[in-house]
Amino acid sequence: MSARQSSDANFSCDSARSYPWSFAVYQEGKVLKTIDNWMALRTVVLRCLRGVFALFVGALCFASTAQAGVVNGNFESGDFTGWTVTNYRNNGIATFPPTQKSHLNLQPPVTAPVTQVVSTASGTPASAPDAPGQALAIPFQGSYSARINARGNNNRASGIQQSAQMLLADVDPVDGKVHLRMAVAPVIQDGGHSPEQQAYFYVEVRNVTKGTRLFYTFNFAAQPGVPWQTLGGYQYTGWQAIDVAPGNGLLDVGDTVEVEVIAAGCSQGGHSGEVYVDSIGPFFAGLLVTATGPTTAQPSDNVTYTYTYSNNSGVMVFNSIVSAQSPQVRNAANTATVDAVFQSVTAPAGATCTTPAVGSAGTVTCDFGSLVDHQSGTFEIVWGVPAGASTSSPTNSLNHGTYSMSATGASTVLGPLVQTRVVSGATLTDLVVGVSDGASATAVGSSSTYTVVVSNNGPVPVIGSTLTQPTVAGLTVGNWTCSGTGGGSC
């Protein structure tokens, strides 16, 4: 069985929520006034939503705070105030591919790496992509970025970690969800080693209150499906934008969230691995694009990826384009990387998409035109898994990390890596469950109604599937109802 990594069209909560002014029709001669009204309103809303002192009692009083629950998430203090820095030694990954921190098998350090907050690009060596005047712009925003495990060869590894309670200021007023956003940019060396020995970076976000993991990503040197570029002996990507917002019921105001970012040089000792981090908080000043897909598939299956794009730059942007290149996987003999092939694209009205021929690998490019601040949308692309894809671990991961969003007047950003495990001889289906109470915060003593929606997206029926919804500590269960449809019963 498999489950999609994020929400699906069958979810009943927050799927079509928007503010009418964000979709206004702009007529010639009235554009500037409309935008001014929007910007003024947005400014009032954001100021009003940051720093709440009372909930649901008359007019709320708020004070602005840039990073809300996360302390010093943009590193503008010029140091690691609010963060815990831990140094490690990379002796080799114990469980590959890793899906949690313990799999990394990190050990106490022998030689301490350099983890620092920087205001300019590194100068050594001058040919590196993060050197002054080279391809990677440092810092990402503001005056500082964090640099984790700077030039971390000799088995060096390092990480930063922070636990923060989510506040009402972490709620995005556009969708009513708690968001945790960030930007990361790796600079690592390809040692030509086996995957578990390569330099890497790892990001994990955990909900400590609910005991769940909300997000993780793991990228290693020369990994297929990642848009690595090479300069001065280093591999790097542009800034990758991450947006963690699983929805109400999964991440709520009052929950404690733990963020951890780790970078490591190769376990053989001769190659470095570092990652830059910036803008960790609820509001990301720029473009955002994310993708979701099935966790499991078989060779020759068609898999659907849902892409979510948004403009959070603070201004209207033009020529908004999302580009997605074929996902990649190693072949069964592990002698080559093979591409998924394009099948179809479903885009919203008004968008124009260019695609490869059906059954061919390549890049899908969709132009969404002008987007006002905080406007967002979704579209889908169906890719075909290569018939010769590997089905044996650790080479059976269909990796989709080469997709990005660009626009006139805003910096291009990449989306985080999406991975689908390719298996053989299995009967797969796609079950989706969503839980929501429709609110990000509520008053003590009040009642809440949770709606649980279960969907089977196919391709085959499921018999005897059972859903268990445990109670939440601190809540008293009152009245409840259950309505089964489509063959379901309670």
Side-chain angles (χ1 to χ4, degrees), residues 6 18 22-26 31 34-35 38 135-137 140-141 172 174-175 181-185 225-229 236-243 245 279 283-293 303-328 339-358 360-383 399-418:
S6 185
S18 63
S22 68
F23 298 96
V25 177
Y26 300 106
V31 174
T34 306
I35 295 174
W38 157 257
L136 191 59
F140 176 63
Q141 292 179 343
D172 191 323
V174 172
D175 59 13
R181 293 162 168 145
M182 70 183 79
V184 297
V226 176
W228 295 116
Q229 302 179 65
Y236 71 101
T237 73
W239 285 95
Q240 301 178 26
I242 296 172
D243 185 4
S279 303
F283 298 102
F284 186 99
L287 305 176
L288 277 169
V289 60
T290 59
T292 60
V303 293
T304 301
Y305 291 86
T306 301
Y307 302 81
T308 301
Y309 58 91
S310 62
N311 170 30
N312 305 279
S313 64
V315 297
M316 187 176 185
V317 296
F318 304 90
N319 302 315
S320 305
I321 294 174
V322 175
S323 297
Q325 190 172 312
S326 295
Q328 294 183 321
D339 294 330
V341 295
F342 171 75
Q343 298 296 331
S344 65
V345 60
T346 304
T352 57
C353 297
T354 58
T355 71
V358 173
S360 300
T363 301
V364 176
T365 301
C366 291
D367 189 337
F368 301 99
S370 302
L371 298 176
V372 299
D373 184 36
H374 270 65
Q375 186 175 344
S376 63
T378 63
F379 70 104
E380 293 183 341
I381 302 176
V382 178
W383 299 99
N399 296 322
H400 188 29
T402 309
Y403 63 99
S404 62
M405 183 177 182
S406 62
T408 302
S411 300
T412 299
V413 294
L414 296 165
L417 179 66
V418 180

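The side-chain contact (heavy atoms from CB on, under 4.5 Å) check on Val341 picks up Gln343, with sequence neighbours excluded. For Ser323, the side-chain contact (heavy atoms from CB on, under 4.5 Å) test picks out Ile321, Thr363, Thr365, Ser404, with sequence neighbours left out. Listed by chain and number, the residues in a salt bridge (charged side-chain N to carboxylate O under 4.0 Å, His left out) with Asp339 amount to none (sequence neighbours excluded). For Tyr403, the ring pair (Phe, Tyr, Trp, His ring centres under 6.0 Å) criterion is met by Tyr307, His400, not counting sequence neighbours. Checked against side-chain hydrogen bond (donor to acceptor under 3.5 Å, both in side chains), Asp367 has no partners two or more places apart in sequence or in another chain. The side-chain hydrogen bond (donor to acceptor under 3.5 Å, both in side chains) check on Ser310 picks up Asn312, with sequence neighbours excluded. A search for side-chain hydrogen bond (donor to acceptor under 3.5 Å, both in side chains) contacts involving Thr308 returns nothing, not counting sequence neighbours. Gln141 is linked by a side-chain hydrogen bond (donor to acceptor under 3.5 Å, both in side chains) to Ser279, counting only residues two or more places apart in sequence or in another chain. Remark: Phe284 pairs with Phe140 by the ring pair (Phe, Tyr, Trp, His ring centres under 6.0 Å) rule, at least two apart or across chains.
Between Leu414 and Pro227, the closest heavy-atom pair is CD1-CG, 3.8 Å. Of all non-hydrogen atoms in Met405 and Ser320, the two that sit nearest each other are CE-CB, 4.2 Å. Heavy atoms only, all atoms of each residue included: Ile242 and Pro416 are closest at CG1-CB, 4.1 Å. Closest approach of Ala407 and Leu287 over heavy atoms only: N-CD1, 3.7 Å.
Screening Thr378, Val418, Thr306 against Thr292 for a side chain to side chain contact (heavy atoms under 4.5 Å, CB included) leaves a single residue, Thr306.
In this structure, Asn311 contributes its side chain and His374 its backbone to no donor-acceptor pair below 3.5 Å.
Looking only at atom types and distance, the side chain of Thr290 has no donor-acceptor partner in the side chain of Asp243 under 3.5 Å away.
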Under 3.5 Å, which donor-acceptor pairs do the side chains of residues 344-356 form with other protein atoms, sequence neighbours left out?
none

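Under the 4.5 Å side-chain criterion, counting only non-hydrogen atoms from C-beta, Tyr309 is not in contact with Leu288. Put simply, the side chain of Gln328 does not reach to within 4.5 Å of the side chain of Asn399, judged on heavy atoms. In this structure the side chain of Val322 reaches within 4.5 angstrom of the side chain of Phe379, judged on heavy atoms. Contact of the Ser326 side chain with the Trp383 side chain is registered, since non-hydrogen atoms from C-beta on lie closer than 4.5 Å.
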Check step by step if side chain to side chain contact (heavy atoms under 4.5 Å, CB included) holds for Val226 and Thr237.
CA-CA 8 Å; Val226 176; Thr237 73; 4.0 Å; yes

